[in-house]
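Step one of this worksheet: look at the structure below.
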2 protein chains.
Amino acid sequence: MKSKSNENYQQILAAGYQLISVKGFNHVGLAEILKVANVPKGSFYYYFKSKEHFGEELINDYFSDYLASIDQLFSDVTLSSYDRLMTYWQQWADTQSTPCNEKKCLVVKLGAEVSDLSESMRIALQKGANSVIEKIAQCIQSGVEDKSIDPNIQDHMAESLYHLWLGASVVAKMKKDKTPLLSALSTTTLILSNNVIKK
Amino acid sequence: MKSKSNENYQQILAAGYQLISVKGFNHVGLAEILKVANVPKGSFYYYFKSKEHFGEELINDYFSDYLASIDQLFSDVTLSSYDRLMTYWQQWADTQSTPCNEKKCLVVKLGAEVSDLSESMRIALQKGANSVIEKIAQCIQSGVEDKSIDPNIQDHMAESLYHLWLGASVVAKMKKDKTPLLSALSTTTLILSNNVIKK
DNA sequence: GTTAATAATAGACCAGTCGTCTAGTTGTTC
DNA sequence: GAACAACTAGACGACTGGTCTATTATTAAC
């Protein structure tokens, strides 16, 4: 775990994300990842004990960044909770709708593929998704408090909104079209701002 | 030529569905499918011109059954449109929540994996999903007419409900838990029966 | 400067991949 | 029973998959 060690480790992770977020976990071989990362093939098993373990690290690494960026957005005091949340969904729509993207969601891409394949990757994904839903729930709660979100909103709505967006992203992928995401945006607005007088 | 009623043809499709709906498209080899189907390799390439083409047929075959069963349910005159629709979602929850299932949804499993891999499979999936959404939309419309569903429901709600359930299914897979589906059921009830007095 | 320990890499390994090929087996029709 | 198509059979090729051992490079200690 020294200088070059860390650099190569990060390179492999970065290349892996770039390739796997587009082609999926099973359809990307170590050789391809290592080539893009510019790291010799023999080195892979020096840094990771298996491809599965690598996948686990990839997911953890992804969520570490992702959750940090949510935290940053959700702590923006210049916006109401409703606006923070809507900014989040708007950003989701933006990132998922561009054809070739840098920040593709690993839950969308790997959720279904990996869950029946590897317990450790499944759990990593699950924990990450749970954290995201929890943060959304907190933001909704604070929106109820600052009166920018429907006070009668149900507790499980954070979960359902996340599901809605996840599903919309899969369909957007299938259609190569962003209308599912726009539709999700409209439904989200409806759910959050029910019984609320807009200013 | 290539009679699709052929027993081996159907065997290959059935074995393929059984394996691929659990392990994904890339993670199942022809050898494994053929072994389960009890059909020799040579026959595969007699019936299908490639694995990709096989996948396309698999998806079409799946939707052919699936859409027929929706038609049957949605034409049940003993139920209100609302009840038909809720029966549909309830069945969805039931099928997706059992751990080892016979009727796993291919859109859930293959949507994200296949869309970046094969155009023909992507389009097959897209067409199928479109048809399903369309049927849901029709059922909602007839529910508005028979007053069993919120008359102010938005046009794109069929789409959003489908997205919600798709996403909930992915998360249920990730969590190995059916609560996401129960949450979707509750949200669906809320959306459909808003402004409606239950009998 | 030599030794010891660790960091990093090269390349072999074999099971598995999809797809091709050709010989063989049925089965129907004249 | 000959002819021809429909279908079966599985060996084979060329390649890729993840994994691991043997080896080299680099650093640290004396």
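Order of the sequence lines sets the chain letters (A, B, ...), proteins ahead of strands, with each chain counted from 1.
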> Between C:dA10, D:dA6, C:dA8, which nucleotide gets closest to the side-chain atoms of B:Tyr46?
Replying inline: D:dA6
> Quick one: A:Leu34 CG to C:dA10 C1', roughly how many Å, whole number?
Replying inline: 12 Å
> How would you list all residue pairs meeting ring pair (Phe, Tyr, Trp, His ring centres under 6.0 Å) that involve residues 119-162 of chain A, not counting sequence neighbours?
Replying inline: A:Trp92-A:Tyr162
> Would you call the rings of B:Tyr66 and B:Phe63 parallel, tilted or perpendicular if under 30° counts as parallel and over 60° as perpendicular?
Replying inline: perpendicular
> Is any side-chain N or O of A:Ser43 closer than 4.0 Å to OP1 or OP2 of C:dT9?
Replying inline: yes
>> Rounded to whole Å, how long is the line connecting atom OH of A:Tyr47 with atom P of D:dT19?
In response: 18 Å
> Which of parallel (below 30°), tilted (30 to 60°) and perpendicular (above 60°) describes B:Tyr47 and B:Tyr9?
Replying inline: perpendicular
>> Can you tell me how the ring of B:Tyr88 sits relative to the ring of B:Phe74, calling it parallel under 30°, perpendicular over 60° and tilted otherwise?
In response: perpendicular
> Are A:Leu67 and A:Trp165 joined in one hydrophobic group, where the rule is that I, L, V, M, F, W and Y side chains link up if heavy atoms are under 4.5 Å apart?
Replying inline: yes
> Could you state the CG-P distance from B:Asn8 to C:dT25, rounded to the nearest angstrom?
Replying inline: 18 Å
>> For nucleotides 16-24 of chain C, give me one character per nucleotide, 5' to 3': B if any protein heavy atom sits under 4.0 Å from the base, S if the only such contacts are to the sugar-phosphate, - if neither.
In response: -SBBB----
>> Five pairs per end, C1' atoms only: what is the angle between the end axes of the helix from C:dG1-D:dC30 to C:dC30-D:dG1, to 10 degrees?
In response: 10°
> So, for A:Lys135 and A:Asp71, which heavy atoms are closest and what is the spacing to 0.1 Å?
Replying inline: NZ-OD1, 3.0 Å
> Of the options A:Thr189, A:Thr87, A:Asp146, which is the one that meets A:Tyr82 in a side-chain contact (heavy atoms from CB on, under 4.5 Å)?
Replying inline: A:Thr189
> Rounded to whole angstroms, how far apart are CG on A:Asn38 and P on C:dA10?
Replying inline: 11 Å
> Taking CD from B:Gln10 and P from D:dC7, how many angstroms apart are they, rounded to a whole number?
Replying inline: 13 Å
> Of the non-hydrogen atoms in B:Lys109 and B:Gly24, which two are nearest, and what is the gap between them?
Replying inline: CE-N, 3.5 Å
> What integer distance in Å separates A:Ile12:CD1 from D:dG18:P?
Replying inline: 13 Å
> Do B:Glu119 and B:Arg122 meet the salt-bridge criterion of a basic N to acidic O distance under 4.0 Å?
Replying inline: yes
